[in-house]
Amino acid sequence: AAIGNLVNGPVWSATGAPTSVGSELSIIVASSQSGNVTFSGNVVAKDFSSGSGAYNLAFNGPNTDITNAVTFSNSGTVKLGNLASDSLSFRAGFTAINPSSVTLAGIITSNGTTSIGDSDTAIVLSANTIIDTSGAVSGSRNLTLGGVVSGANKALTLSTGDGTLATVDLGASGTGNGLGAITITA
């Protein structure tokens with residue numbers, strides 16, 4: 001399913017018709033979903049919920065803004081951004097450790113504890129990427145990159161303020177599928 005702009009509207013479900021809930025958008029992708037679910041336009045949502053199905057999920061629009069804490073539960077891939085100019089905001093943090101891989105691009109702001117990848121969830125940069133958790137309240141600025149990070153010479157900037165940054169493997173800078181410049185700031 002390819003979805004265009006979703007901004008402050010109805011509840012949208014990948015398996016059902018929209019229903020009105022006032023001026024805030026809630027997005028629910030059911031566990032029974034399969035194939036690809038791609039948001040190609042702007043997404044502004046109060047709530048986002050991804051079921052545990054074997055589908056691929058992509059936010060490819062220029063602006064994504066989700067209010068609730070998000071757990072990407074699908075077992076397919078997750079793609080957050082596709083251009084270095086994309087802006088993704090997760091106002092209460094997010095967790096992406098269930099998908100088979102996570103691809104990142106653009107400026108990702110997460111105002112809550114953030115965990116991306118694990119021992120069987122690789123992290124791939126498809127464009128220069130900034131991950132910033134420094135705007136969260138103290139105690140919620142932690143960032144964990146639990147999967148191996150690669151990126152075909154793409155730059156990675158990480159900022160956690162006074163939060164803890166934990167990584168498994170950031171890859172070798174400048175070699176083959178390694179990363180480009182790596183910047184870590186407070």
Side-chain angles (χ1 to χ4, degrees), residues 1-3 6 11-16 24-83 86-127 129-133 135-136 140-151 156 158 160 163 165-169:
I3 300 100
L6 291 173
V11 171
W12 180 85
S13 170
T15 59
E24 298 275 343
L25 178 72
S26 293
I27 301 170
I28 301 164
V29 183
S31 292
S32 60
Q33 179 68 41
S34 62
N36 298 314
V37 177
T38 302
F39 297 94
S40 58
N42 295 324
V43 175
V44 177
K46 179 181 84 170
D47 296 302
F48 178 83
S49 175
S50 75
S52 60
Y55 58 90
N56 301 318
L57 180 63
F59 288 89
N60 289 341
N63 296 294
T64 297
D65 187 338
I66 299 174
T67 302
N68 71 311
V70 174
T71 298
F72 293 99
S73 299
N74 60 306
S75 60
T77 62
V78 166
K79 185 175 182 183
L80 301 177
N82 64 334
L83 301 171
D86 289 346
S87 175
L88 299 102
S89 177
F90 296 90
R91 294 179 182 253
F94 72 94
T95 300
I97 60 173
N98 293 334
S100 58
S101 69
V102 178
T103 301
L104 306 174
I107 301 164
I108 301 168
T109 304
S110 182
N111 291 332
T113 299
T114 303
S115 183
I116 307 169
D118 62 10
S119 62
D120 63 351
T121 304
I123 303 165
V124 178
L125 307 183
S126 63
T129 302
I130 297 170
I131 304 171
D132 184 356
T133 62
S140 296
R141 297 177 179 152
N142 297 338
L143 171 61
T144 300
L145 300 177
V148 174
V149 181
S150 62
L156 176 63
L158 305 170
T160 61
L165 171 63
T167 65
V168 171
D169 185 349

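Going from atom NZ of Lys79 over to atom OG1 of Thr38 covers 8.0 Å, rounded to the nearest 0.5 Å. Taken from CG in Leu80 to CD1 in Ile116, the straight-line distance is 7.5 Å, to the nearest 0.5 Å. Atoms OG1 and CG, on Thr129 and Leu88 in that order, are 10.0 Å from each other to the nearest 0.5 Å. To the nearest 0.5 Å, atom OG of residue Ser89 and atom CG of residue Asn63 are 10.0 Å apart. For the atom pair CZ of Phe48 and CZ of Phe59, the computed distance is 4.0 Å after rounding to the nearest 0.5 Å. Atoms CZ and CG, on Phe72 and Asn98 in that order, are 11.0 Å from each other to the nearest 0.5 Å.
A 4.5 Å side-chain heavy-atom check between Leu104 and Ile123 finds at least one atom pair inside the cut-off. In this structure, the side chains of Tyr55 and Val29 come closer than 4.5 Å at one or more pairs of heavy atoms.
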In sequence, state the C-alpha distance, the side-chain angles, and the governing distance for Ile27 and Val43, and then conclude on side chain to side chain contact (heavy atoms under 4.5 Å, CB included). CA-CA 10 Å; Ile27 301 170; Val43 175; 3.7 Å; yes
Decide yes or no on side chain to side chain contact (heavy atoms under 4.5 Å, CB included) for Leu156 and Leu125, but give the supporting numbers first. CA-CA 8 Å; Leu156 176 63; Leu125 307 183; 3.8 Å; yes
Take Ile131 and Leu143 through the test side chain to side chain contact (heavy atoms under 4.5 Å, CB included) and record every step on the way to the result. CA-CA 9 Å; Ile131 304 171; Leu143 171 61; 3.8 Å; yes
Given Leu57 and Phe39, is the side chain to side chain contact (heavy atoms under 4.5 Å, CB included) satisfied, shown in steps? CA-CA 8 Å; Leu57 180 63; Phe39 297 94; 3.7 Å; yes
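For the side-chain contact (heavy atoms from CB on, under 4.5 Å) criterion with Leu158, the lone passing option out of Asp132, Leu145, Val149 is Leu145.
For Thr71 (side chain) and Thr95 (main-chain N/O), no donor-acceptor pair under 3.5 Å exists by modelled atom type. In terms of modelled atom types and a separation under 3.5 Å, the side chain of Asn56 and the main chain of Thr77 share a donor-acceptor contact. At least one donor-acceptor pair under 3.5 Å links the side chain of Thr121 to the backbone N or O of Ile97.
Of all heavy-atom pairs between Ser52 and Ser31, the closest is N-OG, 3.0 Å. Nearest heavy atom pair, residue Ser50 against residue Asn74, reads OG-N, 3.9 Å. Minimum interatomic distance between Asp86 and Asn60 (heavy atoms only, all atoms of both residues): OD2-O, 4.0 Å. The nearest pair of heavy atoms linking Lys46 to Ser26 is CE-OG, 4.3 Å. Across all non-hydrogen atoms, the minimal contact from Gly112 to Ala136 is N-CB, 3.6 Å. Annotation for Gly93 and Thr114: closest pair CA-OG1, 4.2 Å, computed over non-hydrogen atoms.
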